[in-house]
Amino acid sequence: MASGVAAWLPFARAAAIGWMPVANMPMPIAPTEKNKRADELIVLNVSGRRFETWRNTLDRYPDTLLGSSEKEFFYNEETKEYFFDRDADVFRAVLNFYRTGKLHYPRSECITSYDEELSFFGIIPEIIGDCCYEEYKDRRRENQERLMDDDEDKKDAKLPNMTFRETMWRAFENPHTSTMALVFYYVTGFFIAISVLTNVVETVPCGATPNTKEVTCGDRYTVAFFCMDTACVLIFTVEYLMRLFAAPSRYRFMRSVMSIIDVVAILPYYIGLVMTDNEDVSGAFVTLRVFRVFRIFKFSRHSQGLRILGYTLKSCASELGFLLFSLTMAIIIFATVMFYAEKGSTSSKFTSIPASFWYTIVTMTTLGYGDMVPKTIAGKIFGSICSLSGVLVIALPVPVIVSNFSRIYHQNQRADKRRAQKMQKARLARIRISKTGSSNAFLHSKRNGLFSEALELTSSIEEEQHLSKNQSLLESQHHHLLHCLEKTTNHEFADELCYEQSYLEGALQSYPSQSPSLSSQEGMTGTCCTRHTKRNHAPLPNSSIPTCALSHTHPHHNLQELSTIHIQPLNTSRSSLNMRVDEPARLNCQSGTITTAIISIPTPPATTPESDAHPPPPGPALQNVVKVSAL
Amino acid sequence: FLPFPGLSSFPSLPLLSQTESSDCELELSTVRHQPEGLQQLQAQTQFTRKELQSLYRGFKNECPSGLVDEETFKTIYSQFFPQGDATTYAHFLFNAFDMDRNGSIRFEDFVIGLSVLLRGSETEKLQWAFNLYDINRDGCITKEEMLAIMTSIYDMMGRYTSPSVRDDDPSEHVDKFFQKMDRNRDGVVTIDEFIETCQKDEDIMASIKLFENVI
């Protein structure tokens, strides 16, 4: 429970008097404070710096070191204070957590020392407040990266049990692992360069023979170039096949960007091989050669910067999209305007709106080739507006892209972002669990609560202490308050799943008659009990008599209890001595071992719907309860 | 019924911001309240000095300004009932504590209310409960008022209960209540009927004593 509201618990409990006249059922007994003492100051001496606080402040979080009895280990008898040999500056943040309920991360502290202090005092870092959480996570991530970098340097030693396939894959991914990998890396790089160079040189006009026109080098030395190309493609094919073989997940590898680039780089050659000397498709064949230029993208395996550039463009997709969209809008507007403005002038180059697109683009990007110029005055005016606005439209999204690139380049990470998102989800889940833990804790403690209540009556103190030691006084008071509310409304809190179960069973139960016969009761409970043991059939009919008379139907509980038995917490929803009759039955199903003890249930008096019958004589009932708890 | 002399509240700052709203861009903090001295509170309530001190520490921690407004009150109270919606009941509770109906609970209101609840006589406690139910303070509880209170109590249980709360559960409960309390069957419950009936019911008297050792 939050620290602040812990102070208001007495108020909430006192205000519960407002429910009392309305309630129809007697209230449960309040938990008593065994050794109630007045609030006192305690002194915490941390490396010589003395902190003082109220004992109650520390008791707010009983699962930490300072809130539990663990701090007694540090008690110094002579000076009557608790001495901790830890960092006093970080302790300030720890103590403030108890006082305010919020944990802050002091920026001047080293992240590892802070983590160590938190784990010493038993505080989970996930509860750091939102104000400091981002900073904390960033620092932590940097630290982990540093550790990872250190680890990677150590990872060069080959693990002994790697298969040949795994070794190959590692060699491909990280060329520095072995000399073979390095050689392979450089050889492929060299051949990529060669291939790109040949593609380029192929089109250069080489010297002409005197009586024919200029020919390109490619046409002059056809065979040589063909051999070069073949060699490169062979190397690339072999490389691709080897990567495919070594990949741990072939399907994923085939879908990856790099492998698509590889395929696109070598495919034109093979297609060309297949389709030679066919006049119709030779035009298409020539086009295919264009795709050979994609080989240059194979360099991105060799260059980290290229990969980051590609990643930046991908991550700035929205800004790029915006840029494109706004440019398109502006182009269309200005092209239309220019076309109509120049329509009047003679021999105008602005023959149509699409023809004006070219002018607009050239002007807006401030290129200004000058092949199309406006001649009319209106055209010139709009032309100047066009070039001015072009600067603006382009200048706006570009810095965003630039800053993105630099950010990514420095930070270096898509994997980290994904990891951070997962951690954020995990953190929120953890906080939510600890918060809803209170409601679950109540349901969970009701079972213990019944046992301890029963034991209180039989005054067996040791067992009671044993059962309730996990619950702080604050928690037990809070649970008592919720208990009183249950009594007031004559309903009980249930787990979500149990609620759905009971809802379903409610739908089922509506078909049989309102006063279920013994057989139907048996049937219902029979199904649930068959899960555990069949021995439980015998005692159940005894308990079924009064159930329908009461305002809530108990067979629900049987079913839902069993079906949710694997889900924690168990919703053993009987907690009043009045409803005692069903407890043994339910607990029966739950434990599956009680048999004969239950048969001795006395038939309870027919309870009226108001359920304000006083509890039947406690004797035999108590026996039952005690017996159950003894199991 | 608290006289004003002991108060030192500062309402001037919000007035300032209203008149010079165009110039004042900063939102200055609103009213602050200091409670009466310990002596006076000791005289007005049944708490000891130490108890008052510890109560005030908790109060001040949660509400540094010294006043609890309705929203804060609802938030605090809702934290005790995570499964349901406690805001409506908190609203009624707030009105029960805020005796001069000025929209905020001061420490004096808080502590006087607590004193009645924890240290008051049985009659005083029953009177307090009656005031809680009597929403419009007209001296009698009508069925509508009781239904509102009952619905708010059932709301605190939330959706996930076993058995699930049916829509007419609150009104059934109200009918039972009126059957018990309304002696002369005139459709309203007056304070005398209420106190008389409660005093005759042992369960209610026992449960009222339940929280005596809360502080």
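In what follows, every chain begins at residue 1, and chains take the letters A, B, ... in the order their sequences are listed.
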Residue B:Met150 versus chain A: region with a heavy atom under 4.5 Å: side chain
Of the listed residues (B:Phe59, B:Phe110, B:Tyr77), which shares the most heavy-atom pairs with chain A below a 4.5 Å separation? B:Phe110
Would you say the side chain of A:Glu492 lies within less than 4.5 Å of the side chain of B:Met157, judging by non-hydrogen atoms? no
Could you give all pairs that pass the salt bridge (Lys or Arg N to Asp or Glu O under 4.0 Å) test and reach residues 128-139 of chain B, with sequence neighbours left out? none
ring-ring contact (aromatic ring centres under 6.0 Å, His included) test vs A:Phe11 passes for just one of B:Phe80, B:Phe73, B:Phe94, namely B:Phe73
Sequence neighbours excluded, the answer for side-chain hydrogen bond (donor to acceptor under 3.5 Å, both in side chains) partners of B:Asp169 is A:His491, B:Arg166
Is B:Phe130 in contact with chain A via its backbone, its side chain, both, or neither, using a 4.5 Å heavy-atom distance? neither
Quick check on the interface: out of B:Phe194, B:Phe97, B:Trp128, B:Tyr154, who has the most heavy-atom pairs with chain A under 4.5 Å? B:Tyr154
Would you find more than 12 non-hydrogen atoms of other residues, nucleotides or ligands less than 6.0 Å from B:Asp186 atom CG? yes
Using every non-hydrogen atom in the two residues, find where A:Ala14 and B:Leu118 come nearest and quote the distance to one decimal. CB-CD2, 3.6 Å
For a 4.5 angstrom cut-off between non-hydrogen side-chain atoms, does B:Ser54 reach A:Trp54? no
Could you tell me which portion of B:Val68 (side chain, backbone, both or neither) has an atom closer than 4.5 angstrom to a non-hydrogen atom of chain A? side chain
Could you check whether the rings of B:Tyr89 and A:Trp19 sit parallel, tilted or perpendicular, using 30° and 60° as the cut-offs? tilted
Working to the nearest 0.5 Å, report the span between CE of B:Met205 and CE of A:Met20. 12.5 Å
By a 4.5 Å heavy-atom criterion (distance strictly below it), what part of B:Ile208 contacts chain A: side chain, backbone, both, or neither? both
d(B:Leu126 CG, A:Ile17 CD1) to nearest 0.5 Å is 9.0 Å
Measure distances from B:Leu93 to the heavy atoms of chain A and classify the residue's part below 4.5 Å as side chain, backbone, both or neither. side chain
Exercise: identify the closest heavy-atom pair between B:Tyr133 and A:Pro21: OH-CD, 3.3 Å
